[in-house]
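FYI, side chains are in, hydrogens and waters are out, and symmetry mates aren't considered; it's all heavy atoms of this structure. No experiment lies behind these values; they were computed from the predicted model shown.
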Amino acid sequence: QVQLVESGGGSVQAGGSLRLSCAISGYTYSIKLMAWFRQAPGKEREGVAAIYTSRGATYYADSVKGRFTISQDNAKNTVYLQMNSLKPEDTAMYYCAAKPFGSGGSWREPPSYNAWGQGTQVTVSS
């Protein structure tokens, strides 16, 4: 099993920055892909960014391209989401998730992930 714990959320003004962290423990060797999702009240969970653990390829939602950067530190078993130029519409609960080897589907599809963190709130004021 894999356990995920997010941190780094908070409240910032528009244009500000935050860095989210996701600490990974457990069967880390089973993870093919790590991703960040977000969910605002009344909206569906949305894929924000993803990174392949072995080759480092990254993917982003169009709404965050050029502003957000996903990265990983394998020595620390941690995945980060650097968020710059934040906008009020980025306000949401942010979750990290792990997709195991053998699980197919798009990185944007929540059901293909088998481990989730508890979430960290990001609030951007105008």
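Connection of I51 to V2 is established within a shared hydrophobic cluster, with ILVMFWY side chains joined at heavy-atom distances below 4.5 Å, either directly or through further cluster members. Two different hydrophobic clusters hold W116 and Y94 under the rule that ILVMFWY side chains link at heavy-atom gaps under 4.5 Å.
By the side-chain hydrogen bond (donor to acceptor under 3.5 Å, both in side chains) test, E46 pairs with R38, sequence neighbours left out. Remark: S54 engages no residue in a side-chain hydrogen bond (donor to acceptor under 3.5 Å, both in side chains) (not counting sequence neighbours). Taking the side-chain hydrogen bond (donor to acceptor under 3.5 Å, both in side chains) definition, one finds that S7 meets it with nothing, sequence neighbours left out. Listed by chain and number, the residues in a ring pair (Phe, Tyr, Trp, His ring centres under 6.0 Å) with Y27 are Y29 (sequence neighbours excluded). Listed by chain and residue number, K65 satisfy the salt bridge (Lys or Arg N to Asp or Glu O under 4.0 Å) test with D62 (two or more places apart in sequence, or in another chain). Remark: Q3 pairs with S25 by the side-chain hydrogen bond (donor to acceptor under 3.5 Å, both in side chains) rule, at least two apart or across chains. With sequence neighbours left out, the salt bridge (Lys or Arg N to Asp or Glu O under 4.0 Å) criterion links R67 to D90.
Residue Y80 is found outside any hydrophobic cluster, as its side-chain heavy atoms come under 4.5 Å of no other Ile, Leu, Val, Met, Phe, Trp or Tyr. Other residues sharing a hydrophobic cluster with F101 under the 4.5 Å side-chain heavy-atom criterion for ILVMFWY residues do not exist; the residue is a singleton.
Listed by first and then second residue, the disulfide bond (SG atoms under 2.5 Å apart) pairs that reach into residues 46-90 come to none, sequence neighbours excluded. Sorted by first and then second residue, the pairs that involve residues 20-118 and meet disulfide bond (SG atoms under 2.5 Å apart), not counting sequence neighbours, are C22-C96. Pairs of residues two or more places apart, or lying in two chains, never qualify as salt bridge (Lys or Arg N to Asp or Glu O under 4.0 Å) while including a residue from residues 98-115.
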- [ ] Could you walk me through whether L4 and Y95 pass side-chain contact (heavy atoms from CB on, under 4.5 Å), step by step?
- [x] CA-CA 9 Å; L4 307 174; Y95 301 89; over 6 Å; no
TODO: Using the side-chain contact (heavy atoms from CB on, under 4.5 Å) rule, take V12 and M83 through it: C-alpha gap first, then chi angles, then the decisive distance, then the call.
DONE: CA-CA 11 Å; V12 296; M83 305 185 296; over 6 Å; no
TODO: Determine, step by step, whether L86 and F68 satisfy the side-chain contact (heavy atoms from CB on, under 4.5 Å) criterion, reporting the C-alpha distance in whole Å, the side-chain angles of both residues, the deciding distance to 0.1 Å, and the verdict.
DONE: CA-CA 9 Å; L86 283 162; F68 290 11; 3.8 Å; yes
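Atom CG in L33 sits 9.0 Å away from atom CZ in R55 (nearest 0.5 Å). Expressed to the nearest 0.5 Å, how far OG1 of T53 lies from CD1 of I31 amounts to 7.0 Å. Atom CE of M34 and atom CG of L81 lie 11.0 Å apart (nearest 0.5 Å).
Here the shortest heavy-atom pairing between S17 and S85 reads OG-N, 4.3 Å. Contact record, K76 with T78: O-OG1, 2.9 Å, taken as the closest heavy-atom pair. Considering every non-hydrogen atom in both W107 and A50, the closest pair reads CE3-CB, 3.6 Å. The minimum heavy-atom distance between P88 and A14, with the atom names listed, is CD-CB, 4.1 Å. Annotation for I24 and V79: closest pair CD1-CG2, 3.8 Å, computed over non-hydrogen atoms. The minimum heavy-atom distance linking Q39 with K43 is given by the pair NE2-O, 3.1 Å.
Looking only at distances, a side-chain donor or acceptor of S103 sits under 3.5 Å from a matching main-chain atom of S112. A distance-only check finds a donor-acceptor pair linking the side chain of E6 to the backbone of Q118 [under 3.5 Å].
Taking 4.5 Å as the limit, some side-chain heavy atom of F37 sits within range of a side-chain heavy atom of Y113. Side-chain contact between I70 and Y60: present, with at least one pair of heavy atoms (C-beta onward) separated by less than 4.5 Å. Counting heavy atoms from C-beta on, the side chains of K87 and V124 never come closer than 4.5 Å.
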